[in-house]
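Dumping the structure here so I can ask a few things about it.
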Number of protein chains: 2
Amino acid sequence: MNLPPLVQTFVLHFGEMGSRWGINRTVGQIYALLYLSKEPLNAEDIVERLGVSRSNVSMGLKELQAWNLVRLQHKPGDRRDYFSTPDDIWQIVRTLVEERKKREIDPTMTLLREVLMQEPASVEERHAQERMREMHDLFELLTGWYADVQRLDTERLVQLLTLGSKVQKILEMKDRLFVVPGSKKSRREDPKDK
Amino acid sequence: MNLPPLVQTFVLHFGEMGSRWGINRTVGQIYALLYLSKEPLNAEDIVERLGVSRSNVSMGLKELQAWNLVRLQHKPGDRRDYFSTPDDIWQIVRTLVEERKKREIDPTMTLLREVLMQEPASVEERHAQERMREMHDLFELLTGWYADVQRLDTERLVQLLTLGSKVQKILEMKDRLFVVPGSKKSRREDPKDK
DNA sequence: CACATATTTCATAAAATTCTGAAATTTCAG
DNA sequence: CTGAAATTTCAGAATTTTATGAAATATGTG
């Protein structure tokens, strides 16, 4: 491995981290390298710096492209493929979340919907279905929220995240300002209520 | 494998899904089985239903315990260990996020902080450090938000998620109501501004 | 304390994955 | 078209992960 020490530390860490996700060490390292690199790199650059085989790099890049995590570019008068990551880190986050949703949540939702259609054949199956319903509803809530904030531009998203639960305060304020008498929603919770 | 068809479908799916996360098939299956089960199960129950070896189940349960994803219980007059998942699915989500943060984000943050302390020895390293700084700041923002909403009780959390980006509307409303003249924060963005 | 039961550990077998080098294929300049 | 450069594919080697059965250890009851 032929890298500045500071870069190497990060690349190695990402390689290890990769295995805790579903990606292999080389893919993690390639990604980390591209993320840190100012200039786009071609496959041979990556081979030299990481000290892995050319074919391994080829496969790794293919996987990263499947994840939409790297961008393919060309330099004028150079037929080699150059790769880079988006400069905007928020774009990276959006892609990552989108792809993970596509791979992990969506197939599970499909399966849950299918299974929830079936008629339970025993009390055991009935209970199992209830649990699956809970998971289904949870995922629906989370993906709904995600679809919603996904649409925000970055500035607003950051604003929202910075607020964190302080949003809660504002919600309470809103509640107080716009109480509709008799509305269930507007009724204040009181522990003494039973 | 000795399970009602409906349960089996889900258990198999979770087993496959496991490998896309960092956990192995058996661990995924054990978890799915416990999640769907009304009653806590002991190791032998799991062996029978999943058709895997006793030792495999022992290891799998150990891993799930390390993740805080299963609860160990006892039945009166029975020395065997019984396992279950929390009934409250939100509790499960909280644990999962917490543990993943602990395993994936925290070590990365530690490394980023260390590397950001060092003096870059070249322009290349300087640029790499800037990228790491971006990642560091991003993680800080996200974990800050997480720490914040983590503290909300479930009802309020659901309320927040249900709102999604509609929160934005409320924020704008708040801005309009409480403009502090001359304050940077309260100044309305205008595309015509330069 | 003894002994039957339950659980864990661990060496190694089995399976899955990752990586490589060689060959095949693609691409494009001349 | 041709041929050199670039990339991809792929069979098998290397490595890593996962699963098993046997042995060791722990636990609790009588």
Side-chain angles (χ1 to χ4, degrees), chain A residues 1-2 11-12 14-34 39-67 70-84 103, chain B residues 1-2 11-12 14-34 39-67 70-84 103:
Chain A
M1 197 171 274
N2 185 14
V11 166
L12 289 174
F14 246 66
E16 296 312 316
M17 232 46 193
S19 18
R20 296 206 185 170
W21 276 50
I23 66 172
N24 72 45
R25 190 167 58 247
T26 308
V27 173
Q29 291 183 354
I30 294 175
Y31 186 78
L33 184 62
L34 291 175
E39 298 300 320
L41 302 178
N42 64 45
E44 203 52 52
D45 292 336
I46 299 172
V47 167
E48 281 166 28
R49 299 188 203 202
L50 297 184
V52 296
S53 75
R54 185 51 237 273
S55 52
N56 198 358
V57 168
S58 177
M59 295 183 115
L61 286 170
K62 224 177 96 188
E63 176 153 3
L64 287 171
Q65 282 176 283
W67 276 85
V70 298
R71 217 151 263 190
L72 174 58
Q73 292 163 278
H74 285 100
K75 296 197 177 188
D78 186 338
R79 25 194 288 229
R80 288 169 295 179
D81 293 342
Y82 283 80
F83 297 89
S84 64
R103 281 156 223 260
Chain B
M1 199 171 274
N2 185 14
V11 165
L12 289 175
F14 247 67
E16 296 313 317
M17 234 44 195
S19 19
R20 295 206 187 170
W21 277 50
I23 66 171
N24 73 46
R25 191 167 58 247
T26 308
V27 172
Q29 291 183 355
I30 294 174
Y31 185 77
L33 183 62
L34 290 175
E39 298 301 319
L41 303 178
N42 64 45
E44 203 53 52
D45 292 336
I46 299 171
V47 166
E48 279 166 28
R49 299 190 201 201
L50 297 184
V52 296
S53 75
R54 184 53 237 274
S55 52
N56 198 358
V57 169
S58 177
M59 307 268 241
L61 286 170
K62 226 177 94 187
E63 175 152 3
L64 287 171
Q65 283 177 283
W67 276 83
V70 298
R71 217 150 265 189
L72 173 58
Q73 291 163 277
H74 285 99
K75 295 196 177 188
D78 187 338
R79 2 188 313 222
R80 288 169 297 179
D81 294 342
Y82 283 80
F83 297 89
S84 64
R103 288 166 164 76

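Residue numbers begin at 1 in each chain, while the letters A, B, ... track the order of the sequences. Keep in mind that this is a model prediction, so the values were computed, not measured.
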Would you say C:dT9 has OP1 or OP2 under 4.0 Å from some side-chain N or O of B:Lys62?
yes
Check whether any side-chain nitrogen or oxygen of A:Arg54 sits under 4.0 Å from OP1 or OP2 of D:dT7, and answer yes or no.
yes
Quickly work out the B:His74 NE2 to C:dA6 C1' distance and round it to whole Å.
10 Å
Among C:dT7, D:dG28, D:dA19, find the nucleotide with the atom closest to the side chain of B:Arg79.
D:dG28
Is it true that the NZ or CZ of A:Arg103 lies under 6.0 Å from the centre of A:Trp67's six-membered ring and within 45 degrees of the ring axis?
yes
Can you check whether A:Asn24 has a side-chain N or O nearer than 4.0 Å to OP1 or OP2 of C:dT17?
no
Which sits closer to the 5' end of DNA chain C, B:Ala43 or A:Arg25, going by the nucleotide each is nearest to?
B:Ala43
Kindly indicate whether the side chain of A:His74, heavy atoms from C-beta on, has any atom under 4.5 Å from the side chain of A:Arg79.
no
Starting at CD of A:Glu16 and ending at C1' of D:dT16, how long is that distance when rounded to a whole Å?
12 Å
Could you give the CG-to-P distance, from B:Asp78 to C:dA4, as a whole number of Å?
19 Å
Taking the side chain as C-beta and beyond, is there a heavy-atom pair between A:Val57 and A:Leu50 under 4.5 Å?
no
Quick note, A:Ser55 side chain, CB onward, closest among D:dT20, D:dC10, C:dT9 is D:dC10
Using OP1 and OP2 only, check whether a side-chain N or O of A:Ser58 sits under 4.0 Å from D:dT8.
yes
Nearest to side-chain heavy atoms of A:Arg80, which nucleotide of D:dA6, D:dA19, C:dT18
D:dA6
With the side chain counted from C-beta on, respond yes when B:Phe14 and B:Arg25 share a heavy-atom pair under 4.5 Å apart, and no when they do not.
no
Which part of the nucleic acid, if any, lies within contact of A:Asn42, taking any heavy atom under 4.0 Å across all strands shown: a base, the sugar-phosphate backbone alone, or nothing?
nothing
